[in-house]
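Just below is one structure, and these are the notes that go with it.
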Amino acid sequence: MSNLEFEDKVALVTGAASGIGFAIASLFAQRGAKVALVDRDVDAGQLAAQSICDGGAEAIYIDTDVSNGKQVASAVSQVVAKFGQLDYAVNNAGVAGEMHPVADMPEDEWRRVIDIMLTGVFLGMKYEIPHIIKTKGAIVNTASGVGLVGFAKQAAYTASKHGVLGLTKAAALEYGALGVNINAICPGTARTEMVDNALSQRPELEQDLLALHPIGRIAEPEEIAEAVLWLCSPKASFVSGVALPVDGGYVAQ
Ligand SMILES: NC(=O)c1ccc[n+]([C@@H]2O[C@H](COP(=O)([O-])OP(=O)(O)OC[C@H]3O[C@@H](n4cnc5c(N)ncnc54)[C@H](O)[C@@H]3O)[C@@H](O)[C@H]2O)c1
């Protein structure tokens, strides 16, 4: 029997042109939601939205840089204009960031990563919340296992993901009583383009990554998506402001 628990609902997912975001948008669509795929990669974003439409669901792609407030505000308005409401938002867009020890980190690189990964989540919530208050829906922000522990040579990425957790907790306190359920996920390593790129530059990383996950493998993006949809569902109605590890035991070690 098909599970259409998100029928008549509308979900916006940033960074949905590939990887974890695409898996989340696809799963929302499979469960009945109309989905807006927000990303700055036009070709991949259009293909991703088309593939969801080909599966029989309603999906649109919106070209947006999540670090640009005007573009984020416009993306949210376009979703509401097209679908009439917004029930769920997943602020997920991200970049891997260059690897440098702190003293060698170029200032521009620090600002680029913080702008996309932390300010991008802030801007998303700023413009999504007024609509989601009306539908009493949910927001999930993608942090990382590296939002809970440190990671050498990735100070900007690590700081941004710790920041996403603080932002998520503050927003959960502000809007939980108004019916907007706000949480974060902390994925371990998932098999996505971001990880494939890192592995192609440093193949020796594969063994290190496996060793970091006590479960003995890295995740498939769909396993992360399942946790996000659970947090959006009524099954998680008393879960607020959490940083949920979905990481094969990475932070349990
Ligand atoms: N893959 C992992 O192992 C892993 C682990 C923990 C956390 N995460 C987090 O999960 C999220 C998704 O990562 P992924 O692995 O699916 O990566 P990915 O590279 O496959 O997808 C990221 C998407 O974000 C988009 N994006 C990047 N910058 C953007 C911007 N400024 N505006 C709009 N879109 C932008 C990209 O175009 C891409 O489609 C990221 O926040 C990442 O930090 C990933």
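Note that ligands are numbered from 1 as they come in the structure, with each ligand's atoms numbered from 1 the same way. Heavy-atom basis, side chains included; hydrogens, waters and symmetry copies ignored.
Heavy-atom separations between Thr142 and ligand 1 include at least one value shorter than 4.0 Å. The closest approach between Ala190 and ligand 1 falls below 4.0 Å for a heavy atom of the residue. Ligand 1 lies less than 4.0 angstrom from a heavy atom belonging to Ala143. Contact annotation: Arg191 has no heavy atom less than 4.0 Å from any atom of ligand 1. Ligand 1 lies nowhere less than 4.0 angstrom from a heavy atom belonging to Pro221. Look at Tyr157 and you'll find a heavy atom under 4.0 Å from some atom of ligand 1.
In this structure, Val164 and Met117 have side chains that are not in contact, with every pair of non-hydrogen atoms separated by 4.5 Å or more. Annotation: side chain of Thr142 is in contact with side chain of Val90 (closest heavy-atom distance under 4.5 Å). At a threshold of 4.5 Å between non-hydrogen side-chain atoms, the residues Leu165 and Cys186 count as touching. When side chains are defined from C-beta on, Val66 counts as touching Ile116, because their heavy atoms get closer than 4.5 Å. Put simply, the side chain of Tyr175 does not reach to within 4.5 Å of the side chain of Ile132, judged on heavy atoms.
Those atoms of ligand 1 that come under 4.0 Å of a heavy atom in Gly19, given as number and element, are 16 (O), 20 (O). Each of the atoms 20 (O) of ligand 1 lies under 4.0 Å from some heavy atom of Glu193. Ligand-side atoms of ligand 1 in range of Val95: 27 (C), 28 (N), range being under 4.0 angstrom from any heavy atom. Close approach to Asp41 involves these atoms of ligand 1, each under 4.0 Å from a residue heavy atom: 37 (O). Contact atoms of ligand 1 toward Val195: 1 (N), 2 (C), 3 (O) (distance under 4.0 Å to a heavy atom of the residue).
Side-chain polar atoms of Ser74 and Gln78 form a donor-acceptor pair below 3.5 angstrom. A donor and an acceptor atom, one from each side chain of Asp54 and Gln50, are located under 3.5 Å apart.
Annotation: atom 6 (C) of ligand 1 to nearest protein heavy atom, Pro187 O, 3.3 Å. For atom 5 (C) of ligand 1, the closest non-hydrogen atom of the protein is Gly188 O, 3.1 Å. Regarding atom 31 (N) of ligand 1, its nearest protein heavy-atom neighbour is Asp65 OD1, 2.9 Å. Counting protein heavy atoms only, atom 13 (O) of ligand 1 is closest to Met194 CE, 3.7 Å. Regarding atom 20 (O) of ligand 1, its nearest protein heavy-atom neighbour is Ser18 OG, 2.7 Å. At the shortest separation from atom 39 (O) of ligand 1 among protein heavy atoms lies Asp39 OD2, 2.6 Å. Ranking protein heavy atoms by distance to atom 32 (N) of ligand 1, first place goes to Val66 N, 3.0 Å. In terms of protein heavy-atom proximity, atom 29 (C) of ligand 1 is nearest to Arg40 NE, 3.4 Å.
If you look at Thr64 next to ligand 1, the close heavy atoms, those under 4.0 Å, all belong to the backbone.
The heavy atom nearest to atom 11 (C) of ligand 1, considering only Asn92, Thr189, Ile20, is found in Asn92. The heavy atom nearest to atom 14 (P) of ligand 1, considering only Thr192, Leu37, Ile116, Val13, is found in Thr192. Ranked by closest heavy atom to atom 26 (N) of ligand 1, the top entry among Ser144, Ala93, Gly145 is Ala93.
The environment of CD in Glu107 is sparse: at most 12 heavy-atom neighbours from other residues, nucleotides or ligands sit within 6.0 Å.
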Exercise. Decide yes or no on side chain to side chain contact (heavy atoms under 4.5 Å, CB included) for Phe122 and Leu118, but give the supporting numbers first.
Key: CA-CA 6 Å; Phe122 158 70; Leu118 180 54; over 6 Å; no

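A side chain to side chain contact (heavy atoms under 4.5 Å, CB included) with Val76 is found for exactly one of Gln71, Lys126, His131, namely His131.
Judged purely by atom type and a 3.5 angstrom limit, Thr135 uses its side chain to pair as donor or acceptor with the backbone of Leu86. A donor-acceptor pair under 3.5 Å is absent between the side-chain atoms of Asn183 and the main chain of Val140, judged by distance alone.
Checked against the 6.0 Å centroid criterion, the rings of Phe151 and Tyr157 do not qualify as a close aromatic pair.
Comment: Glu223 does not engage Arg191 in a salt bridge, judged by the lack of any side-chain N to carboxylate O separation of less than 4.0 angstrom.
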